[in-house]
Amino acid sequence: QVQLVESGGGLVQAGGSLRLSCAASGRTFSTGVMGWFRQAPGKEREIVVGIGWSNGWTYYADSVKGRFTISKDNAKGTVYLQMNSLKPEDTAVYYCAAANQPTMSAGAYQYWGQGTQVTVSS
């Protein structure tokens, strides 16, 4: 089993920044990649960014390119999501998730965190 714990969500004004963290523990060696997803009320869960622990894979959704940056600290088993120039449409619950191989499909991620709320006011 892999446990994922997110932190760093909150309320911010449009144009502001937030940094999310996701700490992984347990059988992390069984996971190859980490992803950040978000789900807004009434909408489907969508992938925002993804990163491989050691395979060089990264992914950014078009909607966040140039504004969000994903990074990792392998030694700490932690993935970070730096979110800049936030917009009201970025408001959602953000989840980190772990999968074996690079993928943008939520169904392929076996482990999920509890989610953290990000609210961007206009």
Inset, instruction - Decide whether Tyr59 and Ile51 are clustered together by the hydrophobic rule: side chain heavy atoms of Ile, Leu, Val, Met, Phe, Trp, Tyr closer than 4.5 Å, transitively. - result: no
Inset, instruction - Following the transitive rule for hydrophobic clusters with a side-chain heavy-atom cut-off under 4.5 Å over Ile, Leu, Val, Met, Phe, Trp and Tyr, establish whether Val49 and Trp53 coincide in one cluster. - result: yes
Inset, instruction - Treating Ile, Leu, Val, Met, Phe, Trp and Tyr as nodes and any side-chain heavy-atom pair under 4.5 angstrom as an edge, say whether Leu81 and Trp57 lie in one connected cluster. - result: no
Inset, instruction - Indicate the atoms forming the closest heavy-atom contact of Val64 with Tyr60, along with that distance. - result: CG2-CD2, 4.3 Å
Legend entry - Trp36 vs Phe68 side-chain heavy atoms within contact, under 4.5 Å: no
Inset, instruction - First locate atom SG of Cys96, then atom OH of Tyr80, and finally report the distance between them rounded to the nearest 0.5 Å. - result: 12.0 Å
Legend entry - Nearest-0.5 Å distance that lies between atom CD1 in Ile70 and atom CD in Gln82: 12.0 Å
Legend entry - Side-chain donor-acceptor contact under 3.5 Å, Thr103 with Gln101: no
Inset, instruction - Sequence neighbours left out, what pairs pass side-chain hydrogen bond (donor to acceptor under 3.5 Å, both in side chains) with at least one residue falling in residues 41-51? - result: Arg38-Glu46, Gln39-Arg45
Legend entry - For the student: nearest non-hydrogen atoms of Trp112 and Ala106, plus distance: CZ2-O, 3.4 Å
Inset, instruction - Measure the OH-CD distance between Tyr95 and Glu6 for me, rounded to the nearest 0.5 Å. - result: 8.5 Å
Legend entry - Arg67: partners by salt bridge (charged side-chain N to carboxylate O under 4.0 Å, His left out), with sequence neighbours left out: Asp90
Legend entry - Heavy-atom closest pair, residues Gly52 and Lys72: O-CE, 3.0 Å
Legend entry - Leu4 CG to Gln114 CD distance, which is reported to the nearest 0.5 Å: 9.0 Å
Inset, instruction - Say whether, by atom type as modelled, one donor and one acceptor occur between the side chain of Thr91 and the main chain of Val120 under 3.5 angstrom. - result: yes
Legend entry - Single-linkage hydrophobic cluster, 4.5 Å side-chain cutoff, Phe37 and Val33 together: yes
Inset, instruction - Grab the two heavy atoms, one from Ser21 and one from Thr78, that are nearest each other, plus how far apart they are. - result: CB-CG2, 4.4 Å
Legend entry - Closest contact, heavy atoms only, Asn84 versus Ser17: OD1-OG, 2.9 Å
Legend entry - Closest approach of Pro88 to Ser122 (non-hydrogen atoms, all atoms of both residues): CG-CB, 3.8 Å
Legend entry - hydrophobic_cluster_shared for Val79 and Leu20, side chain cutoff 4.5 Å: yes
Legend entry - Pairs flagged by disulfide (SG to SG under 2.5 Å) wherever residues 59-95 is involved - sequence neighbours left out: none
